[in-house]
Amino acid sequence: VQLQASGGGLMQAGGSLRLSCAASGLTFSNYVMGWFRQAPGKEREFVVAISPRGGSTFYGEPAKGRFTISRDNANNTVYLEMNNLKPEDTAAYYCAARRGTTMRTNFYDYWGQGTLVTVSS
């Protein structure tokens with residue numbers, strides 16, 4: 001199984017960014033997909049998750065009101081649209097896959113390598 005996250009970069013505060021995570025080696029539509037982030041010197045933090053068919057989402061506090069998760073099961077890809085970025089959003093963002101339908105958990109089966117988002121003030 002491979003999860004390849006991309007789309008990170010350097011942004012100014014207030015800007016927008018879309019992250020992508022391409023999955024391979026698994027039956028994508030059987031998995032909850034989640035995004036996590038880890039800022040320098042901090043613990044990994046849950047951001048948001050989406051159900052296997054995309055009908056349900058679960059947002060963590062960092063994502064509420066500014067981030068949107070979506071998925072394209074035909075192309076085995078999950079997206080994270082981030083708007084109104086703030087310096088405190090600076091972190092490495094990781095996508096993860098969990099078989100089943102449980103979204104309210106930090107325990108995932110597979111993890112991607114992370115993509116770095118840096119937001120300047």
query: Can you find a heavy atom in the side chain of Tyr94 that is under 4.5 Å from one in the side chain of Gln113?
result: no
query: What do you reckon, is CD of Gln2 surrounded by more than 12 foreign heavy atoms closer than 6.0 Å?
result: no
- line: All heavy atoms of Ala97 vs all of Leu26, minimum pair found to be CB-CD1, 4.0 Å
query: Any link between Leu80 and Trp111 through a network of hydrophobic side chains (Ile, Leu, Val, Met, Phe, Trp, Tyr) touching at under 4.5 Å?
result: no
query: Is there a path of hydrophobic side-chain contacts, each under 4.5 Å between heavy atoms of I, L, V, M, F, W or Y residues, that connects Leu19 with Ile69?
result: yes
query: Counting distance only, does the side-chain N/O of Ser51 pair as donor-acceptor with the main-chain N or O of Ser56 below 3.5 Å?
result: yes
Any donor-acceptor pair under 3.5 Å from Ser16 side chain to Asn83 backbone: no
- request: Answer whether the closest heavy-atom distance between the side chains of Asp89 and Arg66 falls below 4.5 Å.
  value: yes
task: State the CZ-OG distance between Arg53 and Ser29, to the nearest 0.5 angstrom.
output: 5.0 Å
query: What are the two closest heavy atoms between Ala49 and Tyr108, and how far apart are they?
result: CB-OH, 3.5 Å
query: Atom CG in Asp109, atom CZ in Arg99: separation rounded to 0.5 Å?
result: 9.0 Å
task: To the nearest 0.5 angstrom, please state how far the CE atom of Met33 sits from the CG atom of Leu3.
output: 5.0 Å
- prompt: What about the rings of Phe46 and Phe36, do their centers lie closer together than 6.0 Å?
  reply: yes
message: Given 3.5 Å as the limit, does a donor-acceptor pair link the side chain of Arg98 with the main chain of Tyr31, or not?
response: no
statement: To the nearest 0.5 Å, atom OG of Ser121 lies from atom CD of Gln12 at 9.0 Å
Passing candidate, side chain to side chain contact (heavy atoms under 4.5 Å, CB included) with Val117, options Leu10, Leu17, Thr90: Leu17
field: Donor-acceptor contact present, side-chain Gln38 to main-chain Ala91, <3.5 Å
entry: no
message: I'd like to know if Glu45 and Lys42 make a salt bridge, using a cut-off of under 4.0 Å between side-chain N and carboxylate O.
response: no
- prompt: Between Ile50 and Trp35, is there a shared hydrophobic cluster once you connect ILVMFWY residues whose side-chain heavy atoms come closer than 4.5 Å?
  reply: yes
field: Thr77 side chain to Asp72 backbone, donor-acceptor under 3.5 Å
entry: no
Residue pair Arg18 / Tyr79, side-chain donor-acceptor N/O under 3.5 Å: no
- line: So SG of Cys21 and CZ of Arg71: to nearest 0.5 Å the spacing works out to 10.0 Å
- request: Look up atom CG in Asn84 and atom CZ in Phe67, then write down how far apart they are to the nearest 0.5 Å.
  value: 9.0 Å
message: I want to check something: taking the side chain as every heavy atom from C-beta on, are Asn75 and Phe28 in contact at a cut-off of under 4.5 Å?
response: no
query: Is it the case that one hydrophobic cluster holds both Val78 and Tyr59, taking links as side-chain heavy atoms less than 4.5 Å apart, direct or via other members?
result: yes
